[in-house]
Structure formats: structure tokens, C-alpha cells
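Everything numeric in this text was worked out from a predicted model, so none of it was measured. Per chain, numbering begins at 1; letters A, B, ... match sequence-line order. Values below: all heavy atoms of this structure, side chains included; hydrogens, waters and symmetry mates excluded.
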Protein chains: 2
Amino acid sequence: MKQDISTMADKIRYVQDTLQMINGKWKVPILMSMYGGKNRFRDIQRNIPAITTRVLSKELKDLEANKLVTRTVHDGKPVSISYTLTAYSHTLTPVVDEMIKWGKQHRKGGL
Amino acid sequence: MKQDISTMADKIRYVQDTLQMINGKWKVPILMSMYGGKNRFRDIQRNIPAITTRVLSKELKDLEANKLVTRTVHDGKPVSISYTLTAYSHTLTPVVDEMIKWGKQHRKGGL
DNA sequence: CCGAATCCAATATGATACTG
DNA sequence: CAGTATCATATTGGATTCGG
């Protein structure tokens, strides 16, 4: 078995890289709400309490720029637009799952 | 084996709770840099590239308010002050470890 | 050394209204 | 429905200085 020879400074840099991808209050919740498949803007918004269209719009653009979501325009009358998670975004699942676990066990509001 | 019956809305709330504890660019790196034991302000600052005293001061207060770190004043001439992690802060280890792993595998700068 | 105080810039978030 | 535009506030981050 190999041991982890990363220095603490390395680890801090890794974490900072991760944080840059999912920074802010909204990105992880948005990704979570999209797990099902195709998602329309309005549906995502309904799934995230209290997010405004302005913020959601900006966050979706960030996520797209980071290759975590894909935006697709479906022609038709009227055109519909859907957002889907990329395969890449699924690599974040272990991180997100640990965050869910922690929040569940330690939330202040009680169970 | 029990299944997880949390709804997506629940999970989103859990994650939001977690995010509130570790929000921002600095809290997780600060916690990581403190793993060794007692830490003085100046040492923590040295471990986190580019953090200023103002930010570190504020973040340490937040972390203290959230019971993740303890501030101790050691009498003497001159007095010295140390920060240590609480037992509670160690419950975040799985989250932090996953963030390290992800950052290590996906960082843009290459290995 | 350990911060607090001050000043300021940059981002993030929010409320509301509006367009195609 | 899927956003954009505008305005306002809040939070964060940074530079510098200063006191115990």
C-alpha cells in the first residue's frame, strides 16, 4: 500500500481547488437538485428554497463554465431549455455525500 | 440494512447546514493547518498562503463561535495565545478528506 | 507577537421589474 | 418559461497602520 506523501501545504492547495469549484451557498444545492436528469430553469428554482432568478442564472453559468452542467436548447414551439449534470460533476458525489451526512448528524435544528 | 429515506429537500437542507459552518475560502484551510496541536496566530498565518491578519482574525472568531476551535490565553511575560481544534471539529474530517481527494485528482494545474 | 482599527475594493446575494 | 436589467445591501477580501 502506498502512503500519502502529500504535505499539508499540498493538501491545503487541493482543498482550495475544490472550494473554488463549489464556492458559495448555492452550487452544491443546485447540483443536488439536478440529479434526476433533465432540468428546466424553473424546476431548479422551485427545488432550491429562496434562490432568485438572478442568482440561479449566474450560478448556472459558473457551473457550465466549470463543466459541471450542460445547457441544451431544444428546438420546438416554444423552445425549451434543459440543464443536465455532466459525468464530471458526478465525481463530486463523495464530497457531497459527506456534506449531507455531516449536516444530518450535526444540524442545530434537531432531527 | 436501513435505507436512507431523506428526501432531496432534506438533503439540500443538510448540505446548507454544513456549508454554513465551513463557508468561504478560508475556514477549511485554517482548520487543516491546525491539525498538529497548539497553534499560534502567526503560525497559522504562515501556513495559509496569502491570508491577511484581518481575515484570519475574523475567521478564527467565526470558528470559535461555531465551536470548531478554542482560543486559549497562556499567562506569562509576554502572554501567548494558542488556538486548538475542538473534538467537534474532528467530525468534519471525512468531509475535508473528500475535498482533498477531489482536489488532488481534478486540479487543473496538473500533478 | 497578536491582533484590533481603519479604509477601501471586489463579490455575493437579494428584491423587483421587465422582455422575448 | 427562461432568463436579463437595475438597484441596493451584505459580505468578503486586501492594504496598511497601530497598540498592548
side-chain N/O [X] vs [N] OP1/OP2, d < 4.0 Å:
X     : N      : value
B:W26 : D:dT12 : no
B:R42 : C:dC2  : no
B:T52 : D:dG13 : no
B:K25 : C:dA10 : no
A:R71 : D:dA2  : no

> Below 4.5 Å, heavy atoms only, C-beta onward: do B:I30 and B:K27 meet side chain to side chain?
Replying inline: no

>> Parallel, tilted or perpendicular: which one describes the rings of B:Y83 and B:F41, with boundaries at 30° and 60°?
In response: tilted

Rounded to the nearest angstrom, tell me the gap between atom [atom1] in [X] and atom [atom2] in [N].
X     : N      : atom1 : atom2 : result
A:L56 : C:dT13 : CG    : P     : 12 Å
A:F41 : D:dT4  : CZ    : P     : 8 Å
B:N23 : C:dA12 : CG    : P     : 13 Å
A:I30 : D:dG3  : CD1   : C1'   : 14 Å
B:K58 : D:dA15 : NZ    : P     : 17 Å
B:R40 : C:dG3  : CZ    : P     : 11 Å
B:R46 : C:dG3  : CZ    : C1'   : 14 Å
B:D43 : C:dC2  : CG    : C1'   : 11 Å

> Is there a donor-acceptor pair under 3.5 Å between the side chain of B:T18 and the backbone N or O of A:G103?
Replying inline: yes

>> Let me spell it out: for each of A:G24 and B:Y83, pick the nucleotide of DNA chain C with the closest heavy atom. Which residue's pick is nearer the 5' end?
In response: B:Y83

> How long is the span from the CD1 atom in B:I44 to the CD atom in B:E59, to the nearest 0.5 Å?
Replying inline: 11.5 Å

Over all strands shown, is [X] touching base, sugar-phosphate only, or nothing at heavy-atom distances under 4.0 angstrom?
X     : answer
A:T53 : base
B:R54 : base
B:Q45 : nothing

> Which listed nucleotide (C:dG3, D:dG13, C:dT13) is nearest to the side chain of B:E59?
Replying inline: D:dG13

> salt bridge (Lys or Arg N to Asp or Glu O under 4.0 Å) between A:D17 and A:R13: does it pass, once the steps are laid out?
Replying inline: CA-CA 6 Å; A:D17 289 340; A:R13 278 191 288 272; over 6 Å; no

